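Before any comments, here is the structure.
Throughout, a chain's letter reflects where its sequence line sits, starting with A, and its residues are numbered from 1. All of these numbers come straight from a predicted model, not from anything done at the bench. Below, all heavy atoms of this structure are taken into account, side chains as well, without hydrogens, waters or symmetry copies.
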There are 2 protein chains.
Amino acid sequence: MFAPLTESILYTDFYQFTMAQVYYRLGIHERPALFDHFFREYPDYGSHQAGFAVNAGLEPFIEWMRQARVEPEHIELLRGLKGRTGKPLFDADFLDWLSRHGNFEALTIRAVPEGRVVHPNTPLTVVEGPLAMAQILETALLNQLNYATLIATKAARVRYSAQSSLVLEFGLRRAHDRGGHAGARAALIGGADFTSNVAMSFALGLPPKGTHAHSMVQVAMALGMGELGAFEAYADMYPDDCILLVDTIDTLESGIPNAIKVFEKLRRKGHRPVGIRLDSGDLAYLSIQAARMLNAAGFEDTIIVLSSELDELVIWQIITQIQEEAPRYGVDPDALIKRLTFGVGTRLITSWGDPALGGVYKLVAIQEKGEWVPAIKISESRIKTPNPGRKRLWRLYDARGKATADLMGLDDEDIAAMEPIILRHPADGTKWRSLPREGTSWEELHVTVLDEGRLVYDFPPLEELRRRAREDIERLDPGVRRLVNPHVYHVSLTPRLWKMKRDLIRQARGEPETE
Amino acid sequence: MFAPLTESILYTDFYQFTMAQVYYRLGIHERPALFDHFFREYPDYGSHQAGFAVNAGLEPFIEWMRQARVEPEHIELLRGLKGRTGKPLFDADFLDWLSRHGNFEALTIRAVPEGRVVHPNTPLTVVEGPLAMAQILETALLNQLNYATLIATKAARVRYSAQSSLVLEFGLRRAHDRGGHAGARAALIGGADFTSNVAMSFALGLPPKGTHAHSMVQVAMALGMGELGAFEAYADMYPDDCILLVDTIDTLESGIPNAIKVFEKLRRKGHRPVGIRLDSGDLAYLSIQAARMLNAAGFEDTIIVLSSELDELVIWQIITQIQEEAPRYGVDPDALIKRLTFGVGTRLITSWGDPALGGVYKLVAIQEKGEWVPAIKISESRIKTPNPGRKRLWRLYDARGKATADLMGLDDEDIAAMEPIILRHPADGTKWRSLPREGTSWEELHVTVLDEGRLVYDFPPLEELRRRAREDIERLDPGVRRLVNPHVYHVSLTPRLWKMKRDLIRQARGEPETE
């Protein structure tokens, strides 16, 4: 209803335009500037907190950027805005400039690729280019990248707790309007195997997945066919793809017995029934009972899809409860856990407990007479002060191949020349550690995606992004990976960057040099 | 990047199509069916819970529905899907039917208008029409309407706690991708006065609002102009619309003194400075100090915009703290509270604490030989059992004009003929109350929006929706309106509907008649 307006460069906050006009009036609107996009804290879900995040959203964001245009009608909308005295807010010369330059074609983007594990206070995306347009870009960048990274992170946690079971993304109905589409893609990057979202499945080249809903059973009941009639109709239609939802009336008394009757019929006709879905009640208890009943009827191979308000902790609890209780009912817990599939909806697509990643977009440098001048913002706590300047970002691995720290340095620093490699705490001047070069390996995390608007990066296919996420998570220390109370991963500064930051803070505060 | 695929009828969950094909095979795909959309519980933010909700999202949803089409390419995508044995999942005859009927033109929609206060377990939207397409509609309906109602509700709470102050919606950067646009509209319906979202402001005919960001001050600092230089540049550009963000370096030591210098210059030139913005720190304390300093300089009329992780409780706390502490600093608390403006971002646009409304879409009736047969689903708790059948929804008011209950009855019931009006608890058979007709007034809440696909409703302008929300909230009992631990609003059934529901449950369970 609101597109294409909402897909244009008006997809931003109003102050970006008022500031852009100030830059224009100062004659610095085309001055090269550098903005870092980073988040300050991992998602904190209240009872549990992430120890890592999974970067996502880059490709759709870049695609949006490359097509976003200012149209004459947008200029006229801005021209019509009046201030308190009734005078136009925007002057004709600025609007004329904007009508000619109101796109993102002059911007350069370096970024951490999608699917990579990322950590706080490190630049995930670096935007370089004319100040005014880099400023206007802020809102859409944060809107798209914050959410995608939030959901890829949540999906990675769900994936971790679901062990080797399939994870299906089922959240569109509870997602935030069209955000659900971007959320499905991010979930697939972070750890979901498939999604029920038909449009996004096709857009990404995956088959959409699903079972059936209660309504199909209700229809059959209302028309006098009963639950059994509904199951038979579904099995007739999909004899080799038959998953039956068994909780419309009573799971143990009606649903599972009826499913077994239908499965027996399928078996007699030479088909292999796929399984059942449980969508309410005590899912751990019910899946044990379902397994017991299915096993007794000779359907040990059928899967059991669980859904209903699942997240990583609920899945963990279900698995733990099965391990503890299944033997009491003669059910092998490991075999049962292996046949589970998790349909995860609301709590994945909304990142329940922490529905926003606090990603920010901060000016870190601007050019003056062809030189980059670092920029600082200090009013908040020391740890929230952004790391200034044009930077490089490395990930360091120890001899076991485990990631041991992310290190930021100045653009002209060469990690290969450091011996030892000194890692300074980003805020606390008393904390550092040193790594011997021997036994330490590293990689640079940024790639150049846009070079003055020109796409210079091949976006990898989804499968590649998913593989990266799995591999990066595998290379984390288990303590960092765990679901509750994770160990803190180190994010550090090189001594030169650390000193520059300290000096800038002192300078801005008017403090004396003491060292 | 993914539109138009994501705007087509593929904007749904996969099981809608697999079920649609079962209906097709049973020959009931065009059977008139009735689905109710309702939510079961008010948003519960953890430390506080809503006592009412504000309905929103209808107009954009209907607009989406009316243009959603199945295209030949969508049919081919579905045709390409294979089951486990490699056979196509969808048959040619079903796909042929879908290619000819895959739109929502045969559906009738009755709904509670946007802006109305709504309550749990009452049908907010009623979809009537051919079973298969009504089924396929489910996901997009829930996706759009759940989120809009969630955010309109949150905005109403923020509005309530902000008293007479302006509320600005600032959340796009932390919203869930494009969901932020729908969220801005919903926030404006529920209680926000303006939004910083430029595209949505223009789409809705409102001026976008904002101030400036830290980056403008940082640019000026890096270029040697300092914070004062940034403020002067902004004031030169917007002498009559000057709001300055004062926390980039140090709010009390630098930001406010610099703002006052600039304001004095503006005053000398005959302009009226508008105000300052505080975006970090103890906002209650800082706003008292800011008021003290601004007052001392003769700027008693300037506004103070507060932002940074605000929600209804934080605003309430800020106001309470100002009331308690301001007198100690010689600041009149009431005058200070009146000059506050609240910029509310993340916690409004994500409905922090409860980021999803649990709205569902349940089959309540289907036609058999031209008669409506009520449908039931009973597996979960009694209170979660949907109210079956084709229903009417009334709101009852007491002699004071306060809403006292929402009452659902059967389609052929006439409230005017009831004496007294008996309200039965939807789940507990032992609870009812009776209202005398004398002194009780009522209105029917549903309007017909689409009549077999034809738009028969004039969508009111935004202003009208906002007025409705204000008036409906005004007509709630203060106990229902409060932010924490609200009084429970009554949602009731007529005796006839209650009896039909009870009989259906017994019938489905195979229980004997005992009454």
Next item on the list: Describe, in one word, how the ring planes of His212(A) and Tyr234(A) are oriented to each other, choosing from parallel (under 30°), tilted (30 to 60°) and perpendicular (over 60°).
Entry: tilted

Contact part of [X] toward chain B, heavy-atom cut-off under 4.5 Å: side chain, backbone, both or neither?
X         : value
Thr346(A) : side chain
Arg25(A)  : side chain
Ile151(A) : neither
Glu138(A) : side chain
Met221(A) : side chain
Arg347(A) : neither
Tyr361(A) : neither
Phe90(A)  : side chain
Leu81(A)  : side chain
Leu26(A)  : side chain

For each of [options], tally heavy-atom pairs with chain B at distances under 4.5 Å, and name the one with the top tally.
options                                    : result
Phe2(A), Tyr147(A), Phe17(A)               : Tyr147(A)
Leu172(A), Leu141(A), Val373(A), Leu150(A) : Leu172(A)
Gly210(A), Ala375(A), Ala3(A)              : Ala375(A)

Which bit of [X] is near chain A, if near means a heavy-atom gap under 4.5 Å: side chain, backbone, both or neither?
X         : answer
Glu253(B) : neither
Pro388(B) : neither
Asn146(B) : side chain
Glu309(B) : neither
Asp91(B)  : side chain
Ile505(B) : neither
Glu63(B)  : side chain
Ile28(B)  : side chain

Checklist line | Check: Val360(B) and Phe35(B) side chains under 4.5 Å, non-hydrogen atoms | finding: no

Note to self: Less than 4.5 Å apart, side chain to side chain, heavy atoms only: is that true for Gln507(B) and Leu504(B)?
What the structure shows: yes

Checklist line | SB check Arg509(B) Asp250(A) (cutoff 4.0 Å) | finding: no

Next item on the list: Measure the CZ-NE2 distance between Phe202(B) and His74(A) for me, rounded to the nearest 0.5 Å.
Entry: 9.5 Å

Note to self: Distance check, rounded to the nearest 0.5 Å: Ile366(B) atom CD1 versus Gln218(A) atom CD?
What the structure shows: 10.0 Å

Check: Going by atom types alone, do Glu227(B) and Thr248(B) pair a side-chain donor with an acceptor below 3.5 Å?
Finding: no

